[in-house]
Structure formats: structure tokens, C-alpha cells
Amino acid sequence: MAHTVKGRIQTVLGPIEPQKLGMTLTHEHLVADFSIFQAPPPKHAPHMGTLSLTMENLGLIRQYPYSLSANINLHGEEEHMGEELKFYKKNGGCSIVECTSLGLKRDVGKLRKISMESGVNIICGTSYYIDSTHPSDMDTLTQEQLVSTMVHDITEGADGTNVRCGVIGEVGCSWPLTDNERKVLKASAAAQIATGCPVIIHPGRHTDAPTEIIRVLQEAGGDVRATVMSHLDRTFFSAEEFLEFAQLGCFLEWDFFGLEVSGSPWQSVKTDMPNDAARINMILHVLQEGHADQVVISHDMDTKHRLMHYGGHGFSHILLNVVPMMLRKGISQDDINKILIDNPRKWLTFN
Ligand SMILES: CC[C@H](C)[C@H](NC(C)=O)C(=O)O
């Protein structure tokens, strides 16, 4: 049967009607390996790389989550992920966009199993992550070959299964953008044109990166209004930067809710990671300037220590802790519904 998903949303269990999507986290990981991000240990704990995830070590791990090799590979956590998603559903959550793309050890068969067991809709991703995770033959792969891989993942199935991808992304970009990442961006735009599938981007760590990426996508014919720019809470640091970028018309994503440690191996001394209150304050400002239809939020769960099983905030953090703080800070329930329900639904519906 022809692949007919126009006007619907493609989950790992098949297409659904948009009104079935419900409350949605737009940038998460359930099955992925982020070992490429292993960071050096702090001087006071030179051997932390081989520690176990225990209560005694949790304080150290929360400060240096990417310095512990056991913390940055989510494979093998499927049972705990299933328990997390059942709790998420119990708290009103309905759907999750799982943004593990090629280069992060995606396994859509495991995602299908987690979705079946938890009752939570999962939307999985295609395209390629950052340059350092590209396949060894990326230099010789043509843009047409990249498009073909993405279109196959969307229309036939990924990883040798019949599980079809419902987003193109997260598409990985470094700073500066490499030639192969530029090729992948153009291929992602072409795959979007060919299938009507939405796009989600991981920008490089520079305030100029998001705008450059949008320009590349637009020049390749991409639909900016069906595109999410991720990680803006670690990329923009002033209201002016957010508001100027919002004029371009894509979705803006704050997706590190629950990460409340000031530092990270990649931030400079001038770009401290915000806490949740600072994220909400900036979102409130963007809403007040008329961009309520462009905001989406998530946790970007990419390490074990953030799971409840290991003493973390879990996938229900936004619903249980962030939403009440948003209301206390003056964000209306209508705008919260836009952020968690309406905007994800508009973004994820195939054109
Ligand atoms: C998986 C995301 C990257 C490790 C990194 N995360 C943070 C918190 O900075 C990023 O590039 O966003």
C-alpha cells in the first residue's frame, strides 16, 4: 500500500490522527549511546570514569555526568525506560519524540517494544548526527544517497524493520558547520520536501549557528515552519537573541529542563547553563512578545543519572514540577497547552 501519512503523525506503531497526540515532549532519548561525548574527569576525581551509578557517587555524577562512561550509554535501560513512560502517562503525558538519529546507535525495534508496553506514543528520527559520528564513507556519499536513506526510513522502515520514522532529526550540526553536515542539512530538506516529514535540528554551540542553519535549510527548499531548533537554552543567552531568531518562523525549543547544574564540559565562562526558573523567565518574555505558537519544551534525557531509577528527575519532571512553576510565574494554562499540545501537534503533522 502506498505510504499515506499526509495530515497524520507517524509513530513507531503506525500513523495516528493529530488529535490523538496529546501532551508531548519534543526532544528525548530512550535508546541511544552518547559515548562520543565522554568528557575528561575533574582533577579531584581522576578515576570517576569507571565508577558505578550509586547514591554515594550521585553528587559527583550530577556535576560531571559525561565523565562517567556507564552514564552516557542508555542501551540496556529499556526496562527502566518503560517504567518511566508508564509514570509519564499516569501524570498526563501522551507522546514522546525520540530524537536518536544515525550515529547515536539508534534501535527503533526497541522503541517499538517500549511504546507497546507503556502505551505512550513514540515518534522516532532519521538523518545524521554531528560530523564526529558520521559513517566512515560520508565523504563519498552523495546528497541523493543520503536523501534515499532518510526517505526509506520514513516510508518503508528503519534499522531493517517496518518501524517508520516520524521526524527528520535530530540533524547534528557543529560550529563551524562542516561540509558533510551542510550536505546532510540539504539532504534533510530534500527528504522533508519528498515526504512532508517534520525536521528537528541540533545546532552547533555558537549564537550564530541557528540562523545559519535555517538559511541553509531555506535555500534547500526546507519548510522552516515545520522545523524545531533544539538546545536554545545553551545557545542563546539574551532575550534579543531569542526574539530576533523567532522572527524566522521555526519552532524554538528549550530542552534541558531538569538539568540544573551551572557548568557543562562545553559551556564557556560567559555561557553558564540556565536553571529551570531562568528557562521559564525567558519563555515568558518570548510569549509576551507574541511567539506562543512557536515554543516547545523537553528534557533531552541523554544520561542515566536523570532517570528516576538512579535518583534523577525523570520524564515527568516537566508535568509535575515545571508546569506549576510556569503557572506561578504567570504563564497561562492556554499557553501551556500550546507549548505541550498544540505546537507539537502542528509540528509533527505531515504536510
Ligand atoms: C546530547 C547533548 C550534548 C551532550 C550537549 N548537551 C549539553 C547539556 O550541552 C549539547 O551539545 O547540547
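Numbering of ligands and ligand atoms starts at 1, following listing order. In this chain, numbering begins with 1 at the start of the sequence shown.
Taking all heavy atoms of R234, H202, M273 into account, the minimum distance to atom 12 (O) of ligand 1 is reached by R234. Of the candidates H231, M301, R205, it is R205 that places a heavy atom closest to atom 5 (C) of ligand 1.
Ligand 1 does not have H29 within reach: every non-hydrogen atom of the residue lies 4.0 Å or more from it.
Using a 4.0 Å cut-off between charged nitrogen and carboxylate oxygen, D153 and R164 do not count as a salt-bridge pair. Between R182 and E212 there is a salt bridge, since a side-chain N of the basic residue sits under 4.0 Å from a carboxylate O of the acidic one.
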- Does the pair L252 and H291 meet the rule for a side chain to side chain contact (heavy atoms under 4.5 Å, CB included), with working shown? CA-CA 9 Å; L252 282 67; H291 298 287; over 6 Å; no
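Atoms of ligand 1 lying under 4.0 Å from any heavy atom of L259, numbered from 1 in the order shown and given with element: 8 (C). Close approach to F34 involves these atoms of ligand 1, each under 4.0 Å from a residue heavy atom: 1 (C). Taking a cut-off of under 4.0 Å to the non-hydrogen atoms of D302, the atoms of ligand 1 that pass are 1 (C), 2 (C), 4 (C).
Closest to atom 3 (C) of ligand 1, if we only count protein heavy atoms, is F37 CZ, 3.9 Å. For atom 6 (N) of ligand 1, the nearest protein heavy atom (residue, atom name, distance) is F256 CZ, 3.7 Å.
Ring centroids of F256 and H299 are separated by 6.0 Å or more, keeping the two rings apart.
A cation-pi contact, defined as under 6.0 Å to the ring centre and within 45° of the axis, links R279 to F257.
The same ILVMFWY cluster, assembled from side-chain heavy atoms under 4.5 Å apart, contains both I297 and M325.
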